[in-house]
Undergrad: 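What follows is a structure written as structure tokens; I'll ask about it next.
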Amino acid sequence: MKSLKFVLILLGVLILISACGRATQTPAPPVSTRPEEAGGVSGQTDRDLALKGFKDGGCGACHIIPGVPGAAGTLGPDLSAIGQTAQETVLSSTYTGQAKTAADFLRESISKPDAYIAADCGGKACQKGLMPANLAETLGDAELDAIVSYMLALPAQENAASGVTATPQSTLQAGNAPELSQADFDWAKQTYFERCAGCHGTLRMGATGPALTPDVTQPMGTLALAAIIFNGTTGGMPDWGKQGLLTQEQTEIMAKFLQQEPPTPPEYSLAQMKETWKVLVPPAERPTQPQTQRDWQNYFIVTLRDAGQVAIIDGDTHEIVNTVNSGYAVHITRMSATGRYAYVIGRDGKLALIDLWMEKPDVVAQVQVCYDARSVEVSKYNGEKGNFEDKYAIVGCYWPPHFVFLDGQTLEPFKIVSTRSYTYDTEEYHPEPRVASILASHFKPEWIVNIKETGLVWIVDYSDPNNPTIKMIEAERFLHDGGLDSTKRYFLVAANQSNKIAVIDLLEEKLVAKVETDAIPHPGRGANWIDPEFGPVWSTSHLGDGAIVSIGTDPENHPDHVWKVVRTTPLPGDGSLFIKTHPDSKWIWVDMTLNTDPVLARTICVVAKAQPDAVHKCWQVADYGRAVHFEYNKQGTQVWVSVWGDASKPGQTGEIVIYDDATLKEVARIPNLVTPTGKFNVYNTVYDIY
């Protein structure tokens, strides 16, 4: 594991050093451009040794390093002037280490990495513990000297005598995929499906995350890939190693797997679906009225991710009414139009139908409609064109790329529609256009189906589901999640890798705007509220930037502000997955679940609607795990927050923390839940209250 430790340490050193601020104090002693005086590369052998270290460490995958072939990465900071930056840091008033020279500073950063932590790492806060303190034990003296000397000689344009060229190569050359045993390949394939495919695609063609096809991954090499997998990135990539979900050995296996050709999963036919279809309690044998004295409309359906279950929890008493088996890593739960049924979709494509009218709610039907899924919705329309309440359901799949119509009472699948098509902008064929979010229109018997990779919003008429009419609206690529405005006429969906929100008029069925946002918007359903200056707005938080962006949504009374970013509220950090409010609340709640700082990851904030320019208060929800997702109770008086723990750690598997929305005081905790994630209140989900 020495090689992996080296790349983790080296990447950490480069990040910490290159982001240091520049001082305005006494001018620094000149750094000699002569290698023999500056400790620089004394000859071709030393230079080759340094280049070999950079190459073996995969540093070029993350950094621009002049003279290093292929070192044109953008994940880490530009190292073009690292020698100058190191010298200035030693002389700055913010420096807290013991070094007196730039060379000593570089060596100190390696042997005592936490002696000095820079304030800014490529626009993000630097973290303690990013690199281990045992570099001296794992890196040979000769290689260490060569790497330090090479960096001291930068910026290259001032040191032509050193033989360092200023222009990095734009690409790396692909090599052969590393060897991988069948057992390791099978493990990595399953782990990739469970942890990675949602962002990078089943065929690894990229979406929320970058493409991971061999032409991209092989030039990066095993060590660089392993470092990214282990440490994560500030753009939203989870730190799987630091979280303890992958060991260093497992990260190397995954890094090797990513350099193989992506295995293509099989298709999934209607006949295969029907083989999995089970009606456990036929509709005729189900209750004709609620059998419980509880307020079933105030039930919360809570995803227990790593247990493959959902818990039905009474929103009044906070008691767990029942825990039922579901698909793996349930993504969302949707309620039928009447609220009686809960439709629970797992990432493994398994759909469970739970009857909430039973004295003890349980699964009454189940089916698997694909290998990888994220979305489910139901028919809600009741109007001039008929009553479709509780009649149909739709499941959107990642693989195969299709959606499926099902009977709303029995889950019998009966219609498959493929989403394979062409990108809206370049008209290029895409083999894997995945179905992201799906919403039901309140105006017509239609579903809004968002096709991620092609950037198309499909308006699907389900009034004749065997012969569905589909209208395609060109929006923006990499559509993800979104929600309705307060009038429910407009649908706002995040095109997260395009940093835009697309706005669809569901009444006239057309695109009305594309709004620029901060990096990687991730709204969930978003938050509707009344801004004191700009009127009705819809807000999103972001994975890539620490900010809430609010967009005007009232074309009638506030036309000057409609479909524009009217307010940006800064947050302590990025990595937010969800934002939430309620019409009767004075707060907007937001998490920072995927922030690389473990303290911020378990911190939540509230913004006062009356003073929305800054956060009102932030606090840690627990002393472990990550805080994620919000949901109100039926009355709108309490907010439930999940603590996402570790299923392998007793006492820290996870819990739900409940707050009084008016006072922000903790009301209760529901402990010992296994990685609770999404929570869906029956009443709020039925009526799209957010």
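Both backbone and side-chain heavy atoms feed into the values below; hydrogens, waters and symmetry mates do not.
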Undergrad: Test side-chain contact (heavy atoms from CB on, under 4.5 Å) on T454 and Y424; report intermediate values, then the result.
TA: CA-CA 6 Å; T454 55; Y424 91 94; 5.9 Å; no

Undergrad: Apply ring-ring contact (aromatic ring centres under 6.0 Å, His included) to the pair F414 and W277, showing each step before the final yes or no.
TA: CA-CA 11 Å; F414 62 87; W277 173 48; over 10 Å; no

Undergrad: Minimum heavy-atom separation for Y371 and Q368, please, with both atom names.
TA: CA-NE2, 4.2 Å

Undergrad: What is the minimum heavy-atom distance between G645 and T675, and which atoms define it?
TA: O-CG2, 3.3 Å

Undergrad: Does any N or O in the side chain of S541 come within less than 3.5 Å of the main-chain N or O of I548, such that one atom is a donor and the other an acceptor?
TA: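 Here the side-chain-to-backbone pair does not exist.
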
Undergrad: Got a salt bridge between R525 and D481, using NZ or NE/NH1/NH2 to carboxylate O under 4.0 Å?
TA: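 Salt bridge: no.
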
Undergrad: Does the distance from a Lys or Arg side-chain N to an Asp or Glu carboxylate O, for E432 and R204, drop under 4.0 Å?
TA: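 Here E432 does not pair with R204 in a salt bridge, since their nearest N and O are not under 4.0 Å apart.
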
Undergrad: Is it true that E446 and K471 have a side-chain N and a carboxylate O under 4.0 angstrom from each other?
TA: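 Salt bridge: no.
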
Undergrad: Counting N and O atoms only, with roles assigned by atom type, does the side chain of S576 sit under 3.5 Å from a partner on the main chain of D591, one being a donor and the other an acceptor?
TA: yes

Undergrad: I would like to know whether H629 and F680 meet ring-ring contact (aromatic ring centres under 6.0 Å, His included); could you show each step before the answer?
TA: CA-CA 10 Å; H629 196 262; F680 304 92; 5.5 Å; yes

Undergrad: Take W296 and V321, measure what side-chain contact (heavy atoms from CB on, under 4.5 Å) needs, and give me the verdict at the end.
TA: CA-CA 10 Å; W296 58 272; V321 182; over 6 Å; no

Undergrad: What closest approach, in Å, do Y192 and G201 show between heavy atoms, and which atom pair accounts for it?
TA: OH-O, 2.6 Å

Undergrad: Answer with yes or no whether the side chains of S585 and Y632 bring together a donor and an acceptor at under 3.5 Å.
TA: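 The answer is yes; a qualifying pair exists.
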
Undergrad: Can you tell me if T333 uses its side chain to pair, donor with acceptor, with the backbone of I301 under 3.5 Å?
TA: no

Undergrad: Would a distance-only check, ignoring hydrogens and angles, find a side-chain to backbone donor-acceptor pair under 3.5 Å from R347 to D372?
TA: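 Answer holds: no.
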
Undergrad: Do the charged groups of D688 and K380 touch, with an N to O distance under 4.0 Å?
TA: yes

Undergrad: Would you say the side chains of S486 and N528 form a donor-acceptor pair under 3.5 Å?
TA: no

Undergrad: Evaluate the criterion ring-ring contact (aromatic ring centres under 6.0 Å, His included) for residue pair Y690 and H582; output intermediate values, then yes/no.
TA: CA-CA 6 Å; Y690 41 82; H582 187 278; over 10 Å; no

Undergrad: May I have the step-by-step check of side-chain contact (heavy atoms from CB on, under 4.5 Å) for L203 and T264, ending in yes or no?
TA: CA-CA 7 Å; L203 300 180; T264 301; 4.1 Å; yes

Undergrad: Donor-acceptor check, side chain of T423 to backbone of E428, threshold 3.5 angstrom: yes or no?
TA: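 Answer holds: yes.
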
Undergrad: Between Y341 and Y343, what is the ring plane arrangement, given parallel below 30°, perpendicular above 60°, and tilted in between?
TA: perpendicular

Undergrad: Please give me the minimum heavy-atom distance between L507 and F443, naming the atom from each residue.
TA: CD1-CD2, 3.8 Å

Undergrad: Looking only at side chains, do N450 and S437 share a donor and an acceptor under 3.5 Å apart?
TA: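 The criterion, which ignores hydrogens and geometry beyond distance, is satisfied for S437 and N450.
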
Undergrad: Between H402 (side chain) and V369 (backbone), is there a donor-acceptor pair under 3.5 Å?
TA: yes

Undergrad: Could you tell me if R420 sits above the aromatic ring of W399, with its cationic atom closer than 6.0 Å to the ring centre and no more than 45 degrees from the axis?
TA: yes

Undergrad: Where is the tightest heavy-atom contact between A440 and I448, given as atom of each residue plus distance?
TA: C-CD1, 4.1 Å

Undergrad: What heavy-atom pair brings L479 and I451 nearest, and what distance separates the two atoms?
TA: CD1-O, 3.8 Å

Undergrad: Which of these passes side chain to side chain donor-acceptor pair (under 3.5 Å) with Q309: N325, T303, T323?
TA: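 Of N325, T303, T323, side chain to side chain donor-acceptor pair (under 3.5 Å) with Q309 is met by N325 alone.
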
Undergrad: Any donor-acceptor pair under 3.5 Å linking the side chain of D348 with the backbone of Y328?
TA: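 Side chain of D348 to backbone of Y328: a pair is present.
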
Undergrad: Take the angle between the ring planes of W589 and F630 and call it parallel below 30°, perpendicular above 60°, tilted in between.
TA: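 Aromatic pair W589/F630 classed tilted.
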
Undergrad: Aromatic rings W640 and F300: how do their planes relate, parallel, tilted or perpendicular, breaks at 30° and 60°?
TA: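 If you compare the ring of W640 with that of F300, the planes turn out parallel.
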
Undergrad: Could you tell me whether the side chains of N499 and D518 share a donor-acceptor contact shorter than 3.5 Å?
TA: no

Undergrad: Please state whether the rings of H522 and H480 are parallel, tilted or perpendicular, taking 30° and 60° as the class boundaries.
TA: tilted

Undergrad: Could you verify whether a donor N or O on one side chain and an acceptor N or O on the other, from N681 and N298, lie under 3.5 Å apart?
TA: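 The answer is yes; a qualifying pair exists.
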
Undergrad: Using modelled atom types and a 3.5 Å cut-off, is there a donor and acceptor pairing between side-chain atoms of S498 and backbone atoms of K500?
TA: no

Undergrad: Check step by step if side-chain contact (heavy atoms from CB on, under 4.5 Å) holds for D362 and L280.
TA: CA-CA 10 Å; D362 211 337; L280 305 177; over 6 Å; no

